[in-house]
Amino acid sequence: MAASASMRQSVADPEVRAITVDDISAALTDGLRDFKAAPTFGLLVGLVYALGGNLLFWVAASFDLVFLAYPLAAGFALIAPFAAVGIYEVSRRIEKGESLSLVELVGAVPPHARRELSYMALVTLFGMIVWIYAAGFTYALFFGIRPLPADDIVSMIVSTPRGVFFLVTGNLLGAVLATSIFSVSVVAYPMLLDRDVDFVTAMIASIRAVLANPLVMIGWGIFIATMLLIALIPMFLGLVVILPWLGHATWHLYRRAVVPA
């Protein structure tokens with residue numbers, strides 16, 4: 001009975017632990033090792049998202065919504081944990097010595113995780129929608145509802161007090177939203193793939209991991225966002241390499257931040 005109660009508690013309330021900057025460094029090293037061990041799947045995932053990013057940018061430009069280009073690019077970091085689910089599975093299989101066949105990896109998410117991951121994806125999608133609406137509202141608040149040419153927006157931002165205030169306000173609002181979404185998802189996605197838990201439990205564990213290691217986790221989030229923004233500069237092509245590397249590294253950071261079941 002005691003063993004059964006202990007098992008239920010470990011499933012319902014995953015235990016988090018303190019991590020340091022050294023853990024981030026080790027996770028990046030381990031992630032690079034996994035990427036080198038099985039590069040094909042990661043490269044394919046990165047390529048898909050690079051093509052998707054270019055498509056989103058083209059749609060925004062086609063509908064004269066160039067002012068959303070920056071929020072869309074910056075918001076990509078918000079969906080990165082979801083984008084890397086398949087990459088987490090590769091690291092999990094490497095860890096357990098299981099097959100890395102490309103055929104087996106496609107659709108290899110365990111049955112217990114599919115429903116909960118879909119719920120978690122809805123949470124991330126909702127956060128992304130709020131992010132875009134907040135960006136549009138902030139733009140309308142400072143410049144009106146009529147989209148301006150990109151050159152005019154840039155000129156106003158760098159040469160007028162209103163433009164500078166817009167940039168500061170937008171980035172502060174974005175930082176709050178990004179921190180919130182990052183906190184509920186950074187550990188949740190790999191945990192749902194790894195354990196038979198519901199998405200609410202995974203989100204709570206993710207928040208607890210961030211609260212237990214605020215500086216380290218926020219630093220990790222800033223590093224991810226910076227690397228992804230760099231990856232977006234050459235027509236999103238940097239995602240082909242950066243996304244899988246960070247995905248593998250996130251799996252290993254999860255292993256360090258959460259006590260194994």
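Because the structure is a prediction, the values reported are computed rather than measured.
- Checking side-chain atoms of Ser206 against main-chain N and O of Ser183 turns up a donor-acceptor pair under 3.5 Å.
- Linking ILVMFWY residues whenever their side-chain heavy atoms come closer than 4.5 Å, directly or via other members, leaves Leu237 and Leu55 in distinct clusters.
- In the hydrophobic cluster analysis, where Ile, Leu, Val, Met, Phe, Trp and Tyr join through side-chain heavy atoms closer than 4.5 angstrom, Ile224 is grouped apart from Val176.
- Ring orientation note: the planes of Trp245 and Phe223 are nearly perpendicular, at an angle over 60° on the 30°/60° scale.
- If you chain together hydrophobic residues whose side chains sit under 4.5 Å apart, Met128 and Tyr133 never meet in one group.
- When the options Ile204, Val259, Val187, Thr201 are evaluated for a side chain to side chain contact (heavy atoms under 4.5 Å, CB included) with Pro14, the one that passes is Thr201.
- Proximity of Val197 to Met191: side-chain heavy atoms (C-beta onward) are separated by under 4.5 Å at one or more points.
- With rounding to the nearest 0.5 angstrom, the CG atom of Leu28 is 8.5 Å from the CE atom of Met227.
- Contact of the Val164 side chain with the Thr160 side chain is not registered, since no non-hydrogen atoms from C-beta on lie closer than 4.5 Å.
- The minimum heavy-atom distance linking Val240 with Pro244 is given by the pair O-CG, 3.2 Å.
- A side-chain donor-acceptor contact under 3.5 Å links Thr29 to the backbone of Ser25.
- Residues Leu117 and Phe199 fail the side-chain proximity criterion, which asks for heavy atoms closer than 4.5 Å.
- With hydrogens and angles ignored, the 3.5 Å screen pairs no side-chain donor or acceptor of Trp220 with any backbone N or O of Ile24.
- Atom OH in Tyr189 sits 15.0 Å away from atom CH2 in Trp251 (nearest 0.5 Å).
- For the pair Met217 and Val210, the tightest heavy-atom approach, listed with the atom from each and the gap, is CG-CA, 3.8 Å.
- Between the OH atom in Tyr119 and the CE atom in Met203 there is a gap of 12.0 Å [rounded to 0.5 Å].
- One finds no salt bridge joining Arg115 and Asp198 here, because no Lys/Arg side-chain nitrogen approaches an Asp/Glu carboxylate oxygen to under 4.0 Å.
- In this structure a side-chain-to-backbone donor-acceptor pair under 3.5 Å is missing from Asp34 to Ser91.
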Practice problem: For Arg256 and Asp30, run salt bridge (Lys or Arg N to Asp or Glu O under 4.0 Å): C-alpha distance rounded to whole Å, both residues' side-chain angles, the deciding distance at 0.1 Å, then the answer. | Solution: CA-CA 12 Å; Arg256 292 172 178 271; Asp30 292 341; 3.7 Å; yes
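- Ile19 and Asn213 get closest at one heavy-atom pair: N-OD1, 2.7 Å.
- Side-chain N/O atoms of Asp23 and His252 include no donor and acceptor closer than 3.5 Å.
- Minimum heavy-atom separation, Gly46 to Leu243: CA-CD2, 4.2 Å.
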Exercise. Apply side-chain contact (heavy atoms from CB on, under 4.5 Å) to Glu15 and Val258, showing your working.
Key: CA-CA 6 Å; Glu15 182 182 354; Val258 179; over 6 Å; no
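- The residues Arg92 and Glu95 are annotated as not salt-bridged, no charged nitrogen and carboxylate oxygen being separated by less than 4.0 angstrom.
- When hydrophobic clusters are built by joining Ile, Leu, Val, Met, Phe, Trp and Tyr residues whose side-chain heavy atoms come closer than 4.5 Å, directly or via intermediates, Phe165 is grouped together with Leu141.
- Tyr88 and Asp194 form no side-chain donor-acceptor contact under 3.5 Å, judged by distance and modelled atom types alone.
- A distance of 7.0 Å separates CG of Asn54 from CG of Leu51, quoted to the nearest 0.5 Å.
- Smallest separation of non-hydrogen atoms from Ala37 and Pro39: C-CD, 3.7 Å.
- Using a 4.5 Å cut-off on side-chain heavy atoms (C-beta onward), Leu229 and Ile233 make no contact.
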Quiz item: Given the rule in the side-chain contact (heavy atoms from CB on, under 4.5 Å) test, do Phe35 and Val241 qualify, once you have shown the distances and angles that lead to the verdict?
Solution: CA-CA 9 Å; Phe35 186 24; Val241 174; 3.8 Å; yes
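- The CD1 atom of Ile207 sits 7.0 Å away from atom CG of Leu211, with the distance rounded to the nearest 0.5 Å.
- Between the side chain of Ser185 and the backbone N or O of Ala188, no donor-acceptor pair lies under 3.5 Å.
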Quiz prompt | side-chain contact (heavy atoms from CB on, under 4.5 Å) between Val168 and Leu172, worked out | solution = CA-CA 6 Å; Val168 172; Leu172 286 176; 3.9 Å; yes
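- Distance OG/Ser118 to CZ/Phe82: 9.0 Å, rounded to 0.5 Å.
- Val123 and Ile129 fall into different hydrophobic clusters, defined by Ile, Leu, Val, Met, Phe, Trp and Tyr side-chain heavy atoms under 4.5 Å apart, directly or through other members.
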Quiz item: side-chain contact (heavy atoms from CB on, under 4.5 Å) between Leu43 and Leu47: does it pass, once the steps are laid out?
Solution: CA-CA 6 Å; Leu43 291 172; Leu47 181 60; over 6 Å; no
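- Taking both residues in full, the closest heavy atoms of Ile87 and Phe41 are given as N-CE2, 4.0 Å, listed atom of the first, atom of the second, then distance.
- A salt bridge links Asp13 with Arg208: at least one charged nitrogen is closer than 4.0 Å to a carboxylate oxygen.
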